[in-house]
Participant: 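I am attaching a structure below and will ask some questions about it afterwards.
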Number of protein chains: 2
Amino acid sequence: MKSSKLDMPNCEDCQNKGGVFSCLSKQDKAILGEDKGNNFYKKGQVIFYEGNHPHGLYCIFNGKVKISKLGDEGKEQIVRISGNADTLGYRSLLCNEPYKATATAIEDSYICYLSKKKFFELLESNNTLCLNTIQLLARELRQSEQQLVDITQKSVRERIAEVLMQLKGKFGTKPDGITLDIRLTRREIGDMAGVTTETTIRTLSDLNKEEIIHINGKDIQILKPDQLHRIANIED
Amino acid sequence: MKSSKLDMPNCEDCQNKGGVFSCLSKQDKAILGEDKGNNFYKKGQVIFYEGNHPHGLYCIFNGKVKISKLGDEGKEQIVRISGNADTLGYRSLLCNEPYKATATAIEDSYICYLSKKKFFELLESNNTLCLNTIQLLARELRQSEQQLVDITQKSVRERIAEVLMQLKGKFGTKPDGITLDIRLTRREIGDMAGVTTETTIRTLSDLNKEEIIHINGKDIQILKPDQLHRIANIED
DNA sequence: CGCTTAATTGAACATACTCAAAATTTGTGG
DNA sequence: CCACAAATTTTGAGTATGTTCAATTAAGCG
């Protein structure tokens, strides 16, 4: 499954807008890329499992990955969906503890791999990277805490609307400007909102009937983003 | 409300076991303490509000503080309860954004205040503190994500049991070894678990009848911790 | 000691879940 | 490219868990 050295993606080409490494200089990025690996993951393939010990850092060159936790009765909760230039598993790596969530490719993805050693070397030598990492963590913590409040206090309808808005914000739309540039199963949308598949279907169906969104199989078009935003009851 | 310079608590006496500053040397702690303030907060008094801009870092010398977010309909979600030597508001400070939660003293507390400038000076000069902060954030993120899964997938009974176990873990018991060393209202316990006050009361009452806990007003005794642990369905 | 806040109990109700069965889509091998 | 199997989506009906609202009792506080 490993790609050849020839088509190895280049760190300098990586579009890591808000990622940890966005602060690095071209030179540092070159150093970063020296001994990295790159793997291809087919849709549905698992990158790492909850409980595994991390030995390095994953960085998505191209593709989409869901990070999920398994509850007691086999129910899945999607913690977040990562896309281009996002890093995976750095939280566990930093804490030096086993992964607390499972990462699964939700589309065919090329994912780079950086050794633990290299990452920590960089972190210890580069104070800016360190402060950047702090900011990234702090922002994710904020998001996670907000999500906690949302999920306890919002209705299913609000949560589903919020998930749709989040997806639009993170992955944007296809060239038509309204179709979400990510295709999830109803189950996955439900697993993001903490809702059963059936209720998710019914809720999406309602929004469809109200012509706030338009459903075409796995393609979802956001027809009235303002209204959806209002339904989602987003404060920030 | 400010205490006099005379009884100003000493950073070196502060029992910050797992706090950010636990890695600092005695000398660094002395530097830390040079220009800090110390305030007394009466039970119920607010330390900072959601939306305020942080100008420094709070550190609890003695007392207990709840960190909570207000939902749309005025419903409160307690994100965490902080105790001796815990820092408050460092996440917002690090992100340089307004507080996303409100901090309220739940018992009379002495809380130190460290200027933003001083904190960032330390952070930039002391790489160990930096790495320590990363670890602290990473651990809190893990906890927050776990809480998210819990709250979506666990029943009220499981969540209430978990809250009780968490309180025991964090604040311990009185000398008798069974009475929780923290007194919360039923509403606050419910706000931690994401449950209404009435349901909280009924659930606690059930556990009381089953003699797993013993309720005496605001004092809660954990009679059968093993059984409570089993009910809570805790994995970690 | 009176007044405000918190705790408790009951009954009605609603939201979202469960289970089951059918229709549709998707993926795969020939 | 088609056919078949597997997975996903959809719909319906019944149900449970936890909420809401209202009323009462108890506790804390100045």
Side-chain angles (χ1 to χ4, degrees), chain A residues 42-45 66 71-78 104-108 150-163 182-209 213-220 231 233, chain B residues 42-45 66 71-78 104-108 150-163 182-209 213-220 231 233:
Chain A
K42 208 172 161 48
K43 177 180 171 177
Q45 214 179 326
K66 68 173 170 184
D72 314 309
E73 287 117 41
K75 212 176 190 178
E76 198 178 349
Q77 171 71 38
I78 296 183
T104 314
I106 55 172
E107 29 175 89
D108 294 357
D150 287 354
I151 223 158
T152 25
Q153 306 205 343
K154 288 188 176 175
S155 68
V156 162
R157 188 177 159 89
E158 290 175 298
R159 267 140 62 194
I160 295 283
E162 181 161 24
V163 165
I182 181 169
R183 289 163 60 88
L184 298 171
T185 66
R186 303 287 188 264
R187 191 157 105 74
E188 283 168 335
I189 294 173
D191 287 344
M192 288 187 77
V195 175
T196 58
T197 309
E198 294 92 327
T199 304
T200 305
I201 288 166
R202 282 184 247 263
T203 308
L204 287 175
S205 178
D206 287 347
L207 293 172
N208 188 47
K209 268 182 221 128
I213 65 173
H214 182 257
I215 299 178
N216 185 6
K218 284 201 176 50
D219 283 321
I220 297 178
I231 292 169
N233 226 325
Chain B
K42 208 172 161 49
K43 177 179 172 180
Q45 213 180 329
K66 68 172 170 184
D72 315 309
E73 288 117 41
K75 213 176 188 178
E76 199 177 346
Q77 171 70 38
I78 296 182
T104 314
I106 56 172
E107 32 176 85
D108 293 357
D150 287 353
I151 224 161
T152 26
Q153 306 205 344
K154 289 188 176 175
S155 68
V156 162
R157 188 177 158 89
E158 289 175 299
R159 268 141 61 195
I160 295 283
E162 182 162 24
V163 165
I182 181 170
R183 290 162 61 88
L184 298 171
T185 65
R186 304 288 189 263
R187 191 158 105 74
E188 283 167 336
I189 294 173
D191 288 344
M192 289 187 76
V195 175
T196 57
T197 310
E198 294 92 327
T199 305
T200 305
I201 288 167
R202 282 185 249 263
T203 308
L204 287 174
S205 178
D206 287 348
L207 292 171
N208 187 47
K209 269 182 221 130
I213 64 174
H214 183 257
I215 299 177
N216 184 6
K218 285 199 176 52
D219 283 321
I220 298 178
I231 292 171
N233 224 325

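Reminder, nothing fancy here: chain letters follow the sequence lines and each chain counts from 1.
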Participant: Can you name the closest pair of heavy atoms from B:K42 and B:A105 and give their distance?
Facilitator: O-CB, 3.7 Å
Participant: Determine which pairs satisfy salt bridge (Lys or Arg N to Asp or Glu O under 4.0 Å) with at least one residue from residues 187-197 of chain A, sequence neighbours left out, and list them in order.
Facilitator: A:K66-A:E188, A:E76-A:R187, A:R187-A:D191
Participant: CG of B:D206 versus P of C:dG10: gap in Å, rounded?
Facilitator: 12 Å
Participant: Can you see which heavy atom on B:L207 is nearest to which on B:I160, and at what distance?
Facilitator: CD1-CG2, 4.4 Å
Participant: Round to a whole Å and report the spacing from CD of B:E188 to P of C:dA6.
Facilitator: 9 Å
Participant: When you compare the side chain of B:I220 with that of B:I189, does any pair of heavy atoms fall below 4.5 Å?
Facilitator: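 With C-beta onward as the side chain, the pair touches.
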Participant: Ignoring hydrogens and angles, tell me if any N or O in the side chain of B:Q77 forms a donor-acceptor pair with the backbone of A:T152 under 3.5 Å.
Facilitator: no
Participant: Taking atom C1' of D:dT8 as reference, at what distance in whole Å does atom CG of A:N216 sit?
Facilitator: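 Interatomic distance, CG of A:N216 to C1' of D:dT8: 15 Å.
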Participant: Can you confirm whether B:I151 sits close enough to B:R159 that some side-chain heavy atom of one is under 4.5 Å from a side-chain heavy atom of the other?
Facilitator: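 In short, these two side chains touch, coming nearer than 4.5 Å.
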Participant: Mind calculating the distance between CZ (A:R186) and C1' (C:dA23) to the nearest angstrom?
Facilitator: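 In whole Å, C:dA23 C1' and A:R186 CZ are 14 Å from each other.
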Participant: Flag the pair A:I201 / A:E198 as yes when at least one side-chain heavy-atom distance between them is below 4.5 Å, and no otherwise.
Facilitator: no
Participant: Let me know the distance between CD of A:Q153 and C1' of C:dT15, rounded to the nearest Å.
Facilitator: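 Taking atom C1' of C:dT15 as the reference, CD of A:Q153 is at 16 Å.
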Participant: Do any N or O atoms of the protein come closer than 3.5 Å to N or O atoms of nucleotides 11-19 of chain D, and which pairs are they?
Facilitator:
from   : atom 1 : to     : atom 2 : distance (Å)
D:dG12 : N7     : A:R202 : NH1    : 3.0
D:dG12 : O6     : A:R202 : NH2    : 3.2
D:dG18 : OP1    : B:V156 : N      : 2.8
D:dT19 : OP2    : B:T196 : OG1    : 3.0
D:dT19 : OP2    : B:T199 : OG1    : 2.6

Participant: Between A:T203, A:T197, A:T196, which is the residue that forms a side chain to side chain donor-acceptor pair (under 3.5 Å) with A:T199?
Facilitator: A:T196
Participant: Pairs under 3.5 angstrom, nitrogen or oxygen only, protein versus nucleotides 24-30 of chain C, please.
Facilitator:
none

